[in-house]
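Since the structure is predicted, the reported quantities are computational estimates derived from the model, not experimental observations.
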Amino acid sequence: MAEHSHQLAAILFADIVGYTAMMQEDENTALEKINRFRQVIDIITDELEGKVIQYYGDGCLILFNSATNAVEFAKLLQTDFSEEPKVPVRIGIHMGDVLIKDGNVFGDVVNIASRIQALAYAGGIYISEMVYRNIANKKGMDSVFVKEETLKNVKVPIRIYEVLTENSQPVLQPTPAVETSKLRIEENSIAVLPFSNMSSDKEQEYFSDGLTEDIITQLSKIRSFKVISRTSVMQYKKTPKPIKEIGSELGVALIVEGSVQRSGEQVRITAQLINAGTDEHLWADSYDRPVDDIFSIQREVAIAIASVLNTTLSRKETQQLDYIPTVNLQSYDFYMRGKFLVEKRNKTDLLIARELFQQAVNKDKTYANAYSGLADTYLLSSYRGYEDPVKMLWLAKKNIDTALALDSSAGEIQATLGYWYHQTFDWHAAEITYRRAIELNSNQSNVYLWLAILLEAKGEQEEALKIYDKGSEINPMWDYLVQNKIRALANSNKREEAIKQQKSLIEKAAYDPILQKKRNVELSRLCWSFDNKTEAIAAAEKAGEKGLLKFYQEGDNSLLQKQVDNYYRELINKGEYISQLWMGLDYANAGVREKALECFNNAIALKEAAITLLLIRQHTFLNIKYLSIALIIRKIKALVNF
């Protein structure tokens, strides 16, 4: 930084409210808070390219090159300080031209930011109208008008806004502009439709799907973009639906589509950006390159789109876009094949994916994400009860450690680490790591799912629903996430919404009779848990589920039990691993109370990874009042570091 220069900057003031009184009451506690205050600020400032200009007593002055980074910093700070041990901090931000001389900052901007901060309450973030205008359309940066204030030594009255956080105090009169923006599709929201495989070899389908996935990943590295995840967009593969309809269904303003033609060691890729509302083509280009130049093409597409949308990339974003995960194309091929199979979540595909990831790391020992993918196969197998969790967790951690040694800042690897913490009952570390993974890559809908399940089990229902909603924003078509959200809605006594969403899943499965039957069974159990017997019976009849009907009408669960008995008898005959937890869940769903409770106790003794699911009320259970497993819940809680 020059010794004497002018620049446009966002100035942030933060201080601890009531620090003098704290010192008089308990000097040690006050010192602990000031130390925590400074430590956290130092960590977050580096992440968001800020510069601490000065610490003074119980406060600090920080300079940022963008309003977005300043506000994001403020939100992260207040989120951290709202947790124990709490630190009551107030923040003020203003933006304008400043003079930087000998490491200090001068100008009216500094004075105004300081005055705005003094008006904020503990836990609040107040900003000027200049800052508000710069963040008004940014995702996750909602603000409301507070008041117009004449500040000391400032001639013109300043309009002050509050950045909303979970701990914001209610504002009675939000500005119309904020209300309107909530109804508007975000202008930088993007869906990348599956690229068409134009190659004569249909085996190259995975390559075009992989390109789609990687362009989504690249665009997700740009913080100002909201990018729909792959699971949702893949449902539009070869769809006849018009762009406008797809944009409306996904809730996006922009669509990227294109094609891939691979022939030997050459590849031709075309891509175009379309306004989903008007069908206007905003940008298009084609690339004829050697196939091993694929990562450069993905980077160029992301940068071109950012340029068309007048998006200025930060240094960190540029570095992330420049990152090449592997120089070995064969390794990349194996990784992409494995990644698609993992999404199917069944045991057969997980085992095949595991072998593919192993081949990927054999080809390139430095491919961090391939080790992470390998770890995911072990973790999913552990959690779903496919294989012995003790062995799976050990193998998962071995690969996670390798991945972290290669790239500790990858969001995907942090997500896998969080899932390992989750399954080893260190939920404090899991929650921190999940949130860190989202900061690094906000496009990971699986992390929103895992975090929401953890929060549900902690009893934080409203926060869990918020996380489910965030996951749905980037992956609106992922049924598994919706199913889990329905359970959270039911447990929050939001019955109408739970049933509405379940019925939407049934409508979505209209062309798949087997899946529609399953969805009707789920609706039946949901209605039964709400004591709505008429709708429960009607849904069971639609599904043709004789076992449920016999239980509903006669109180006889023998058919349900027989189905479960036969299933596990077949697994035993095949010599398959049997999870006590998942067997217990099946018997609980069949209304076989004593057998279910026996399995649950066995699972606790074995410390099975997914036993913590029982901390969440399961509305699918029959004949088991939740109080009857209160002792089991206490045993499980004793295993968890919350």
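- Looking at D407 and S409, their side chains do bring a donor and an acceptor atom within 3.5 Å of each other.
- Annotation: cation-pi geometry satisfied between R384 and Y480 (NZ/CZ under 6.0 angstrom from ring centroid, within 45° of ring axis).
- Judged purely by atom type and a 3.5 angstrom limit, S372 has no side-chain atom pairing as donor or acceptor with the backbone of A368.
- I514 is not listed as a side-chain neighbour of K517, based on a closest heavy-atom distance of 4.5 Å or more.
- Exactly one residue among Q235, R230, M234 makes a side chain to side chain contact (heavy atoms under 4.5 Å, CB included) with P194. That residue is M234.
- Nearest heavy-atom pair across A588 and A596 is N-CB, 3.7 Å.
- No side-chain heavy atom of L273 sits under 4.5 Å from any side-chain heavy atom of I255.
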Practice prompt. Please report the C-alpha distance between N443 and S229 in whole Å, then the side-chain angles of each, then the deciding distance to 0.1 Å, and finally whether the side chain to side chain donor-acceptor pair (under 3.5 Å) criterion is met.
Written response: CA-CA 6 Å; N443 202 52; S229 77; 5.6 Å; no
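- At a cut-off of 3.5 Å, with distance as the only test, no side-chain donor of Y236 or E245 sits close to an acceptor on the other residue.
- Looking at heavy atoms from C-beta onward, E456 lies in side-chain contact with R487 at the 4.5 angstrom threshold.
- To the nearest 0.5 Å, atoms CG (N369) and OG1 (T326) are separated by 10.0 Å.
- Checking side-chain atoms of S232 against main-chain N and O of I228 turns up no donor-acceptor pair under 3.5 Å.
- Between L449 and L481, the shortest heavy-atom distance links the atoms CD1-CA, 4.3 Å.
- Within the 4.5 Å cutoff, the side chain of E431 has no heavy atoms near those of the Y421 side chain.
- Partners of V482 by side-chain contact (heavy atoms from CB on, under 4.5 Å), not counting sequence neighbours, listed by chain and number: I486, Q501, L505.
- Without hydrogens or angle criteria, S189 side chain to E186 main chain gives a donor-acceptor distance under 3.5 Å.
- Contact record, G418 with T433: N-CG2, 3.6 Å, taken as the closest heavy-atom pair.
- When side chains are defined from C-beta on, D469 counts as touching K485, because their heavy atoms get closer than 4.5 Å.
- Side-chain contact between M336 and D214 is present, with at least one heavy-atom pair separated by less than 4.5 Å.
- Residue C599 holds its SG atom at 9.0 Å from CD of E608, rounded to the nearest 0.5 Å.
- The shortest heavy-atom contact between F600 and G584 is CE2-C, 3.4 Å.
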Practice prompt. Report the C-alpha separation of N557 and L622 in whole Å, then their side-chain angles, then the decisive distance to 0.1 Å, and conclude whether the side-chain contact (heavy atoms from CB on, under 4.5 Å) test is met.
Written response: CA-CA 9 Å; N557 68 330; L622 303 175; over 6 Å; no
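- Remark: the backbone N or O of Q516 is not paired with any side-chain donor or acceptor of K508 at under 3.5 angstrom.
- Judged as a side-chain hydrogen bond (donor to acceptor under 3.5 Å, both in side chains), and not counting sequence neighbours, the contacts of K241 are E249.
- Contacts of S524 classified as side-chain hydrogen bond (donor to acceptor under 3.5 Å, both in side chains), with partners at least two apart in sequence or in another chain: Y552.
- When only modelled atom types and interatomic distance are considered, E522 and Q502 share a side-chain donor-acceptor pair under 3.5 Å.
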Donor-acceptor list for residues 534-541 side chains, cut-off 3.5 Å, not counting sequence neighbours:
none

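- Under the ring-ring contact (aromatic ring centres under 6.0 Å, His included) criterion, Y367 pairs with Y335, sequence neighbours left out.
- Listed by chain and number, the residues in a side-chain hydrogen bond (donor to acceptor under 3.5 Å, both in side chains) with N493 are R495 (sequence neighbours excluded).
- Within 6.0 Å of NZ on K237 lie more than 12 heavy atoms contributed by other residues, nucleotides or ligands.
- Remark: the backbone N or O of Q320 is paired with a side-chain donor or acceptor of K221 at under 3.5 angstrom.
- The closest side-chain donor-acceptor pair between Q461 and N491, if any, does not fall under 3.5 angstrom.
- Atom OH of Y567 has 12 or fewer neighbouring heavy atoms from other residues, nucleotides or ligands inside a 6.0 Å radius.
- Contact of the Y448 side chain with the I474 side chain is registered, since non-hydrogen atoms from C-beta on lie closer than 4.5 Å.
- Listed by first then second residue, pairs satisfying salt bridge (charged side-chain N to carboxylate O under 4.0 Å, His left out) with a partner in residues 416-430 number zero, not counting sequence neighbours.
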Worksheet item: Can you check side chain to side chain donor-acceptor pair (under 3.5 Å) on Y568 and N573, steps first, answer last?
Response: CA-CA 9 Å; Y568 283 100; N573 291 338; over 6 Å; no
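- Nearest heavy-atom pair across I216 and V233 is CD1-CG2, 4.0 Å.
- Here salt bridge (charged side-chain N to carboxylate O under 4.0 Å, His left out) pairs that include residues 345-355, with residues two or more places apart or in two chains, are K347-E576, R354-E387.
- Separation of the W427 and H422 ring centroids falls under the 6.0 Å cut-off.
- Side-chain contact annotation: N346 with Y386, donor-acceptor N/O pair under 3.5 Å absent.
- Side-chain atoms of Y371 and D376 include no donor-acceptor pair closer than 3.5 Å.
- K542 meets the side-chain contact (heavy atoms from CB on, under 4.5 Å) test with N520; sequence neighbours excluded.
- Partners of E463 according to the side-chain contact (heavy atoms from CB on, under 4.5 Å) rule, which considers only residues two or more places apart in sequence or in another chain, are E166, R435, L455, E460, K466, I467.
- Looking at E412 and Q444, their side chains never bring a donor and an acceptor atom within 3.5 Å of each other.
- Under the 3.5 Å distance criterion, the side-chain polar atoms of S196 are left unmatched by any main-chain donor or acceptor of M198.
- Every residue meeting the side-chain contact (heavy atoms from CB on, under 4.5 Å) condition with A302, not counting sequence neighbours, appears here in chain and number order: Q218, L219, L321.
- Closest heavy-atom contact between F195 and I215: CZ-CD1, 3.7 Å.
- A distance-only check finds a donor-acceptor pair linking the side chain of E545 to the backbone of G547 [under 3.5 Å].
- In this structure, Y419 has its ring center at least 6.0 angstrom away from the ring center of Y434.
- Between P389 and Q423, the closest side-chain pair of non-hydrogen atoms is not below 4.5 Å.
- Rounded to the nearest 0.5 angstrom, T165 OG1 and D142 CG are separated by 11.5 Å.
- In this structure a side-chain-to-backbone donor-acceptor pair under 3.5 Å is missing from R519 to I506.
- For W478, there are no ring-ring contact (aromatic ring centres under 6.0 Å, His included) partners at least two apart in sequence or on another chain.
- The existence of a salt bridge linking E507 and K503 is excluded, since no basic side-chain nitrogen approaches an acidic carboxylate oxygen closer than 4.0 Å.
- Side chain to side chain, N197 and S208 fail the donor-acceptor criterion of an N or O pair below 3.5 Å.
- Judged by distance alone, the side chain of N623 and the main-chain N or O of R593 form no donor-acceptor pair under 3.5 Å.
- A donor-acceptor contact shorter than 3.5 Å links the side chain of S472 to the backbone of Y468.
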